[in-house]
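For reference, the structure discussed in these notes is given below.
For ligands, and for the atoms within them, numbers begin at 1 and follow the listed sequence.
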Amino acid sequence: MPYSYDDQNIFAKILRGEIPNKTVLETEHSLAFEDINPQAPQHVLVIPKGHYVTYDHFAAEATDAEIVDYTRAIGAVCRKLGVTLEDGTGYRLLTNAGPDGHQEVPHLHIHVFAGGFLGRMIKVPG
Ligand code: 5GP
């Protein structure tokens with residue numbers, strides 16, 4: 001079944017400027033902003049400006065220009081936060097998809113967590 005995109009999701013509203021955000025970085029095809037409910041000392045969300053629901057959706061349908069821009073934007077955020085291994089002590093990238101991934105906002109976003117030791121990767125419930 002093809003992906004359908006809900007343009008009333010909160011990140012679509014942020015992209016349209018209907019809801020404020022604390023922008024970390026903006027490029028032609030991507031926007032990075034602080035998470036409203038940080039789960040680490042530094043917690044930034046990086047989203048493509050295009051209407052993609054999940055990572056696999058983006059990987060399948062985004063243009064090469066969008067993919068290059070988004071990939072580089074995520075790296076640029078890490079550099080801007082000072083957490084690359086050149087400048088700092090690392091970070092974690094994570095993206096959730098669908099109900100099993102506990103995705104709350106149906107617009108692709110990659111979480112950048114940093115600012116301190118983040119512990120082991122994930123805790124599986126049950
Ligand atoms: P998900 O669970 O979908 O992977 O993550 C959604 C993220 O979006 C959560 O970390 C949540 O705190 C963040 N979020 C939800 N609404 C807003 C908002 O209005 N502004 C910002 N900056 N972040 C939001």
Side-chain angles (χ1 to χ4, degrees):
M1 203 162 72
Y3 275 102
S4 70
Y5 179 83
D6 169 16
D7 69 2
Q8 292 307 307
N9 79 73
I10 210 99
F11 295 167
K13 292 179 180 177
I14 285 176
L15 284 168
R16 289 195 295 268
E18 295 166 13
I19 292 178
N21 74 90
K22 291 187 179 167
T23 299
V24 173
L25 180 144
E26 182 167 9
T27 64
E28 183 180 1
H29 295 295
S30 309
L31 179 69
F33 52 91
E34 292 178 13
D35 195 291
I36 205 168
N37 182 23
Q39 302 297 308
Q42 292 168 297
H43 185 175
V44 173
L45 301 172
V46 192
I47 67 174
K49 292 182 178 175
H51 289 180
Y52 303 104
V53 180
T54 62
Y55 185 85
D56 62 274
H57 184 205
F58 178 76
E61 295 190 13
T63 65
D64 289 0
E66 288 176 307
I67 290 171
V68 169
D69 180 297
Y70 188 55
T71 303
R72 293 203 192 282
I74 294 163
V77 166
C78 296
R79 283 195 298 282
K80 194 159 187 179
L81 296 178
V83 299
T84 68
L85 299 190
E86 287 175 324
D87 298 326
T89 49
Y91 56 88
R92 175 172 294 149
L93 304 182
L94 181 146
T95 186
N96 295 316
D100 283 2
H102 201 282
Q103 181 179 15
E104 291 176 2
V105 181
H107 181 116
L108 170 61
H109 47 287
I110 287 187
H111 298 258
V112 182
F113 300 105
F117 180 63
L118 297 162
R120 288 180 69 97
M121 193 162 56
I122 55 169
K123 188 173 175 202
V124 178

Would you please determine whether [X] falls within less than 4.0 Å of ligand 1 on a heavy-atom basis?
X    : answer
L45  : yes
K22  : no
V105 : yes
H111 : yes

Please walk me through it: do F11 and F33 pass ring pair (Phe, Tyr, Trp, His ring centres under 6.0 Å)?
-> CA-CA 10 Å; F11 295 167; F33 52 91; 5.4 Å; yes
Quick check on contacts: which atoms of ligand 1 are under 4.0 angstrom from a heavy atom of [X]?
X    : answer
N37  : 12 (O)
Q103 : 3 (O)
E104 : 1 (P), 2 (O), 3 (O)
N96  : 1 (P), 2 (O), 4 (O)

When only distance counts, is H43 in polar contact with ligand 1, meaning an N/O pair under 3.5 Å?
-> no
Parallel, tilted or perpendicular, as decided by the 30° and 60° cut-offs, for the rings of F113 and H111 | parallel
Salt bridge R79-E86, side-chain N to carboxylate O under 4.0 Å = no
Any heavy atom of I10 under 4.0 Å from ligand 1? The part involved is side chain
Within the 4.0 Å heavy-atom cut-off, what H109 brings close to ligand 1 is side chain
Partner of H107 under ring-ring contact (aromatic ring centres under 6.0 Å, His included), picked from Y52, Y5, Y3, is Y5
Identity and distance of the protein heavy atom lying nearest atom 10 (O) of ligand 1 = D35 OD2, 2.5 Å
In Å, rounded to the nearest 0.5 Å, how long is the span from CD1 of I14 to CD1 of I47?
-> 6.5 Å
